[in-house]
Amino acid sequence: MELYKTNQLKIYNSLSKTKEVFKPVIEGKVGMYVCGPTVYSNVHLGNVRTFMSFDMIFRYLKHLGYKVRYVRNITDAGHLENDADAGEDRIAKKARLEEIEPMEVVQRYTVDFHETLQKINNLPPSIEPTATGHIVEQIEIIKDILEKGLAYEVNGSVYFDVLKYNENEHYGILSGRNIEDSIHNTRELDGQSEKKNPQDFALWKKADERHIMRWPSPWSNGFPGWHLECSAMSTKYLGETFDIHGGGMDLKFPHHECEIAQSKTKNGVEPVNYWMHANMLILNGQKMAKSTGNYILPNEIFSGDNKILSKAFSPSATRFFMLQANYRSILDFTNTGLEAAEKGYIKLMEALSNIDKIEVSKESSIDIKAWKQKCYDAMNDDFNTPVLIANLFEAVKFVNLLIEKKATISTEDLAVFKATLNAFVFDVLGLKNELKEDSSDKLSGVVSMLIKMRKDARDNKDWALSDKIRDELAALGIQLKDGKEGTTFSIN
RNA sequence: GGCGUCGUGGCCGAGUGGCUAGGCUGGGCUCUGCAAAAGCUCCUACAGCGGUUCGAAUCCGCUCGACGCCUCCA
């Protein structure tokens, strides 16, 4: 029987601001949409945290036995840059600066995005559609909204009429805003004179001469507006009402608000049952963002080539660091935080490597079933990975006690213990054991030989020789551990 | 100025109306030739001020502060 039938998963819904029992539209199946990156530069660690959070969610849903269709778009056109070059597409601008084709920029950074997420061990989504691949669908939505009178055309551009929509719906329902407030509090921006109201947003923008990326439409040669692609692609692949929509907290307004307005106008139903927002990763107390330069790239962490960290940290240690915080909490990225996480990660991995050394008994002195349940309880409570990890450290203790024979476990319990531990560590959290298991027999053979030589030396009380062997191995990153049952080693 | 999230021990981070996670760091003990590892253990916190309550860090109010959004942004 599928696990979801016996586990009551609760999800914090940004729309209701409460934790709700998760019930998919179709039993046993989940449709999940997550706003993907705009591929105009290298993906930074803040982006990665969001995608990693939803990867963990994707993994747990699958673990529970749901058939999940996970859609995450690639924004390769359509986002306007609102600076001096008003109306210019971000990707087109980058292309002109680098004197290459726009799709070359798209290709380069899409590849970077995929490589980075793969390094951090994210699973690929089920479908990864592109904005440029869905221009037709977007045009159809604009036509429909125009017909319903909730959009208007000016000089070849089409804008969504927010005030009119707000007559019957609540624009701001997700972000807790009222349109009246924003009318009084919106700063004046240049280049918006075409709009009836500053709150209106573009569905279609006419391209000027310099704009390279353009498509024909009934209104002009141009490009789709800021928020339309997600409405188009989520509806196409997941249906008019789907289960989970995710994204970074900073997309809540206006992006997701606009999505709701567009989709609701087009389809007449609530587009999303559960809105989920991953919180920001900050660096030195400040937001990590490309625009301010306050950011770190994942590769700079893995290589150690950066000015923030004292050394390089592996993808799994980095992933573990982020999973130790709740996805809804702001997390500060610091050197000491990463160092602490790395140590914990190594401790966990060593315990997992040692699990095969456990010998079984007739009876169990530890309650494996209760421990297992605590792991599920943590994840069922809105994907509480910090509590899950606390339980995993309890498991580490179990492993060490069992190896030292200070606790006992039955064959049956050990099987459950191993399966559960592996499922949560590797399948759900998506960690990898990066400890150089170099179980290449040659190396472990050599070390075993040295351990034997050291034992002889110790038996002869030749401490100088035994310590020399230990210290020189340590200098090579091989640590010897003397236990009751003999000496073992680990490679760092 | 508006909206929102949040303020937990040396640090990071859960949680919650009474039983007070976990990790890292530091101290002590056991084991050990010494060390490391491991086990045990200690350091016992919830921004401030009021209020509700038998009882609040947990609920309510105010103050202060941090961060985010309000313009593309995970």
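Just so it is clear, the values below take in all heavy atoms, side chains as well, and ignore hydrogens, waters and symmetry mates. Remember, predicted model here, so these are calculated numbers, not experimental data. Numbers restart at 1 for each chain; the letters A, B, ... are given by sequence-line order, proteins then strands.
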A.B. asks: Hey, does the side chain of A:Ser157 reach the backbone of A:Lys205 with a donor-acceptor pair shorter than 3.5 angstrom?
C.D. replies: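 No: the side chain of A:Ser157 does not pair with the backbone of A:Lys205.
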A.B. asks: Tell me: CG of A:Leu331 to P of B:A14, nearest whole Å?
C.D. replies: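 Answer to the nearest Å: 8 Å.
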A.B. asks: Tell me the interatomic distance from A:Lys19, atom NZ, to B:A14, atom P, rounded to whole angstroms.
C.D. replies: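 Roughly 11 Å, once rounded to whole Å.
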A.B. asks: Tell me the partner of B:C6, counting only Watson-Crick (N1-N3 plus N6-O4 or O6-N4) or G-U wobble (N1-O2 and O6-N3) with both under 3.5 Å; none if nothing fits.
C.D. replies: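 B:G65 - that is the nucleotide pairing with B:C6, both distances being under 3.5 Å.
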A.B. asks: Between A:Tyr274 and A:Glu20, do the side chains contain a donor N or O and an acceptor N or O under 3.5 Å apart?
C.D. replies: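 Looking only at side-chain atoms, A:Tyr274 and A:Glu20 do not form any donor-acceptor pair under 3.5 Å.
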A.B. asks: Could you state the CG-P distance from A:Asp382 to B:G15, rounded to the nearest angstrom?
C.D. replies: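 Checked: the CG to P distance equals 9 Å.
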A.B. asks: On a plain distance test, is the side chain of A:Asp467 in donor-acceptor contact with the base of B:G33 below 3.5 Å?
C.D. replies: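 Such a pair is found, so the answer is yes.
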A.B. asks: Between the side chains of A:Glu194 and A:Lys206, is the shortest nitrogen-to-carboxylate-oxygen separation below 4.0 Å, so that they form an ion pair?
C.D. replies: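 Salt bridge absent between A:Lys206 and A:Glu194.
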A.B. asks: Could you tell me the Watson-Crick or G-U partner of B:C19, where both distances fall under 3.5 Å? Say none if there is no partner.
C.D. replies: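 Paired with no nucleotide.
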A.B. asks: Salt bridge check: are A:Asp112 and A:Arg108 linked by an N-O gap of less than 4.0 Å?
C.D. replies: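 Looking at A:Asp112 and A:Arg108, the cut-off is not met.
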A.B. asks: Stacking check: are the rings of A:Trp463 and B:G33 less than 5.5 Å apart at their centres and under 30 degrees in tilt?
C.D. replies: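 Yes, A:Trp463 stacks on the base of B:G33, since the ring centres sit under 5.5 Å apart and the planes are within 30°.
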A.B. asks: Using whole Å, report how far NE2 of A:His227 lies from P of B:U71.
C.D. replies: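 Value for this atom pair: 10 Å.
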A.B. asks: Using a 4.0 Å cut-off on heavy atoms, which residues in residues 397-406 of chain A reach RNA chain B? List them by number, or say none.
C.D. replies: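 Within this stretch, A:Lys397, A:Asn400, A:Leu401, A:Glu404, A:Lys406 sit under 4.0 Å of the strand.
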A.B. asks: At less than 4.0 Å, is any side-chain N or O atom of A:Lys347 found next to OP1 or OP2 of B:C24? Yes or no.
C.D. replies: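 So the side-chain polar atoms of A:Lys347 do come within 4.0 Å of the phosphate oxygens OP1 or OP2 of B:C24, strictly under.
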A.B. asks: In the strands shown, is B:U71 matched to any nucleotide by a Watson-Crick or G-U wobble pair with both distances under 3.5 Å, and which?
C.D. replies: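 In the structure as shown, B:U71 has no Watson-Crick or wobble partner.
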A.B. asks: Figure out the CE/C1' separation between A:Met280 and B:C69, and round it to whole Å.
C.D. replies: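 From A:Met280 CE to B:C69 C1': 10 Å.
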A.B. asks: Rounded to the Å, how far apart are A:Lys343 NZ and B:A37 P?
C.D. replies: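 After rounding, the gap between these two atoms is 10 Å.
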A.B. asks: Return the pairing partner of B:A38 with a 3.5 Å limit on both distances, Watson-Crick or G-U wobble; otherwise return none.
C.D. replies: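 Answer to the pairing question: B:U30, which forms a Watson-Crick or G-U pair with B:A38.
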A.B. asks: In whole Å, what separates the P atom of B:A36 from that of B:A74?
C.D. replies: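 Pairwise P distance, B:A36 against B:A74, rounds to 47 Å.
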A.B. asks: Expressed as a whole number of Å, how far does the P atom of B:C49 sit from that of B:A56?
C.D. replies: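 Their P atoms lie roughly 14 Å apart.
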A.B. asks: A:Trp275 pairs by side chain to side chain contact (heavy atoms under 4.5 Å, CB included) with which of A:Leu15, A:Ile244, A:Ile11?
C.D. replies: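 Answer to the side chain to side chain contact (heavy atoms under 4.5 Å, CB included) test with A:Trp275 among A:Leu15, A:Ile244, A:Ile11: A:Leu15.
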A.B. asks: What verdict does the salt bridge (Lys or Arg N to Asp or Glu O under 4.0 Å) test give for A:Arg470 and A:Asp467, after you've listed the backbone C-alpha separation in whole Å, the side-chain angles of each residue and the deciding distance to 0.1 Å?
C.D. replies: CA-CA 5 Å; A:Arg470 183 176 71 197; A:Asp467 288 356; 3.5 Å; yes
A.B. asks: Nearest 0.5 Å, please: how far is CG in A:Asn400 from NZ in A:Lys357?
C.D. replies: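 Output value for this atom pair is 10.0 Å.
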A.B. asks: For A:Asp471, answer base if it contacts any base atom (sugar-phosphate contacts may also be present), sugar-phosphate if it contacts only those atoms, and nothing otherwise; contact means non-hydrogen atoms under 4.0 Å.
C.D. replies: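 Touches nothing.
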A.B. asks: I'd like the C1' distance from B:C46 over to B:A14, given in whole Å.
C.D. replies: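 These two C1' atoms come out 12 Å apart once rounded.
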A.B. asks: Just the rounded figure in Å: distance from P of B:A74 to CG of A:Asp112.
C.D. replies: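 So the CG-P distance, A:Asp112 to B:A74, works out to 13 Å.
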A.B. asks: Please classify the nucleic acid contact of A:Gly247 as base, sugar-phosphate, or nothing, using heavy-atom distances under 4.0 Å.
C.D. replies: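 Contact class for A:Gly247: sugar-phosphate only.
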A.B. asks: Would the base of B:C34 count as contacting A:Arg470 through its side chain, where contact means a donor and an acceptor less than 3.5 Å apart?
C.D. replies: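 Side chain to base: pair found, below 3.5 Å.
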A.B. asks: Can you tell me if A:Ser329 touches the phosphate of B:C6, counting only side-chain N or O atoms and a distance under 4.0 Å to OP1 or OP2?
C.D. replies: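 A:Ser329 to B:C6 OP1/OP2: no side-chain N or O under 4.0 Å.
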A.B. asks: Can you check the A:Ile478 CD1 to B:A37 P distance for me, whole Å?
C.D. replies: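 Checked: the CD1 to P distance equals 17 Å.
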A.B. asks: For the CE atom of A:Met233 and the CG atom of A:Leu228, what is their distance to the nearest 0.5 Å?
C.D. replies: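 So the CE of A:Met233 and the CG of A:Leu228 are separated by 9.0 Å.
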